[in-house]
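For reference, the structure is listed below as structure tokens.
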Amino acid sequence: MRALLLSFVLLFFLGGCVASNPYTSRSQLMLIDKKEELKMGREASEEILKNSKKSSNMQATRRVMEVGTKIARVAEQSDFAWEFHLIEDPSINAFCLPGGKVFVYTGILALVESDDELAVVMGHEIAHAIARHGAERLSVSMASELGRNLIGIALDMKQPQSKKLFDTAYGVGMNVGVMLPYSRAQELEADRIGLILMKRAGYNPNAALTFWEKMRANQGGGKGSDFLSTHPSDSKRIEAIRQAIPSL
């Protein structure tokens with residue numbers, strides 16, 4: 001009975017914190033206030049800029065800014081203060097912080113042969129930000145911790161060894177059963193939203209296929225399982241993109 005009552009408390013609390021993704025209508029758990037999320041994005045951006053070297057390649061920097069600006073224009077986020085930075089780093093990476101702080105690493109430009117392919121990268125990262133994926137992951141993590149505490153109270157474990165075993169089992173279960181699937185779903189959702197944004201901005205969505213084929217080749221071309229990964233396999237995401245393009 002104690003465990004049941006605590007479960008109802010948890011469900012009642014979480015039930016009032018559900019938002020809907022404006023592009024896919026997927027329900028999202030949101031425990032983070034948007035103003036706080038934007039503040040975290042600004043602070044993280046300032047910290048990255050303090051500890052990173054911006055590229056001195058003005059042509060490449062201008063290209064990143066031009067493509068990013070076109071996508072930002074169609075993203076219609078009036079509360080975002082957009083910034084686009086090209087960081088001198090060989091890593092194949094890019095990301096967008098809450099509030100529209102976009103960072104592209106020079107390493108990924110080696111795989112980008114056209115503005116259309118650059119729009120694939122930037123559209124995907126911007127999609128993460130406008131879909132509030134970071135806040136959603138943090139919210140799920142907070143709910144997971146709350147659930148762990150409530151279940152621990154309900155089970156009333158006295159022995160430290162029992163509590164340790166429970167914490168380990170709960171942590172593994174949440175990671176494999178909830179957090180990783182959430183992350184993979186967000187990646188596929190960002191792919192789809194990114195396609196919508198780049199098409200609205202005038203870029204060719206078919207470039208997503210050529211870009212991700214190059215990414216797959218760069219990573220060895222395998223079809224490995226994504227069960228323990230934060231990202232879907234390249235093969236799975238390419239197939240999802242191939243199916244999504246005609247509906248655009």
Following the transitive rule for hydrophobic clusters with a side-chain heavy-atom cut-off under 4.5 Å over Ile, Leu, Val, Met, Phe, Trp and Tyr, establish whether Ile87 and Leu97 coincide in one cluster. yes
Derivation of the salt bridge (charged side-chain N to carboxylate O under 4.0 Å, His left out) call for Glu213 and Arg216: CA-CA 5 Å; Glu213 286 289 0; Arg216 176 163 64 175; 2.7 Å; yes
Residue list, salt bridge (charged side-chain N to carboxylate O under 4.0 Å, His left out) with Glu189, at least two apart or on another chain: Arg26
Return a table of donor-acceptor pairs under 3.5 angstrom between the side chains of residues 70-81 and protein atoms on other chains or two or more places apart.
unit_1, atom_1, unit_2, atom_2, d
Gln77, NE2, Ala75, O, 3.3
Asp79, OD2, Lys34, NZ, 3.2

So, Glu117 versus Thr210: side-chain donor-acceptor pair below 3.5 Å or not? yes
Please find the pair of heavy atoms, one from Ala131 and one from Ile193, that lie closest to each other, and give the distance. CB-CD1, 4.0 Å
Nearest 0.5 Å, please: how far is CE in Met122 from CD1 in Ile108? 10.5 Å
Ignoring hydrogens and angles, tell me if any N or O in the side chain of Thr69 forms a donor-acceptor pair with the backbone of Met65 under 3.5 Å. yes
Atom NE2 of His85 and atom NZ of Lys101: how far apart are they, to the nearest 0.5 Å? 7.0 Å
Lys199 atom NZ, neighbour heavy-atom count above 12 within 6.0 Å: no
Single-linkage hydrophobic cluster, 4.5 Å side-chain cutoff, Leu118 and Leu209 together: yes
Apply the test side-chain contact (heavy atoms from CB on, under 4.5 Å) to residues Arg62 and Glu66: give CA-CA distance (whole Å), side-chain angles for both, the deciding distance (0.1 Å), then the verdict. CA-CA 6 Å; Arg62 186 163 52 250; Glu66 288 175 354; 3.5 Å; yes
Value for CG (Asp115) from CE (Met198), rounded to nearest 0.5 Å, stands at 10.0 Å
Go through it in stages, so that I can follow the logic: the residues are Gln28 and His133, the test is side-chain hydrogen bond (donor to acceptor under 3.5 Å, both in side chains), and I'd like the CA-CA distance, side-chain angles, deciding distance and then a yes or no. CA-CA 9 Å; Gln28 298 175 277; His133 283 166; 4.6 Å; no
Could you tabulate the donor-acceptor pairs under 3.5 Å formed by side-chain atoms of residues 42-50, not counting sequence neighbours?
unit_1, atom_1, unit_2, atom_2, d
Glu47, OE2, Asn51, ND2, 3.2

What are the two closest heavy atoms between Pro90 and Thr106, and how far apart are they? N-OG1, 4.4 Å
Is it possible for you to say whether Ile196 and Ile241 belong to one hydrophobic cluster, with membership spreading through side-chain heavy-atom contacts below 4.5 Å? yes
Is any side-chain heavy atom of Tyr203 closer than 4.5 Å to a side-chain heavy atom of Leu197? no
Determine the interplanar angle of the Trp82 and Phe84 rings, folded into 0 to 90°, and report it as parallel if under 30°, tilted if 30 to 60°, perpendicular if over 60°. parallel
Value for CZ (Arg192) from OG (Ser247), rounded to nearest 0.5 Å, stands at 4.0 Å
Sub-4.5 Å side-chain heavy-atom contact between Glu88 and Lys54: no
If you look at every heavy atom in Phe211 and Leu111, which pair is closest and at what distance? CD1-O, 3.9 Å
Shortest non-hydrogen pair, Cys96 vs Ala129, comes out as SG-CB, 3.5 Å
In Å and rounded to the nearest 0.5 Å, what is the CE to CD1 distance from Met30 to Ile32? 9.0 Å
Restricting to side-chain contact (heavy atoms from CB on, under 4.5 Å), what partner residues turn up for Ala60, sequence neighbours left out? Asn57, Leu86, Leu109
With sequence neighbours left out, what residues match Glu239 under salt bridge (charged side-chain N to carboxylate O under 4.0 Å, His left out)? Arg242
Is there a side-chain contact between Met215 and Ile92 in this structure, where contact means two heavy atoms from C-beta onward sitting under 4.5 Å apart? yes
side-chain contact (heavy atoms from CB on, under 4.5 Å) with Ser55: of Val64, Asp89, Thr61, only one passes, and it is Thr61
Count I, L, V, M, F, W, Y as connected when their side-chain heavy atoms are under 4.5 Å apart, and connections chain through other members. Are Leu195 and Leu188 then in the same cluster? no
Do you know the tightest heavy-atom contact between Ile245 and Pro205? CD1-O, 3.7 Å
Indicate the ring-plane relationship of Phe95 and Tyr105, choosing parallel, tilted or perpendicular according to the 30° and 60° boundaries. perpendicular
Shortest non-hydrogen contact from Pro232 to Glu187? CD-CB, 3.5 Å
The side-chain contact (heavy atoms from CB on, under 4.5 Å) partners of Asp33 (sequence neighbours excluded) come to Lys35, Glu36
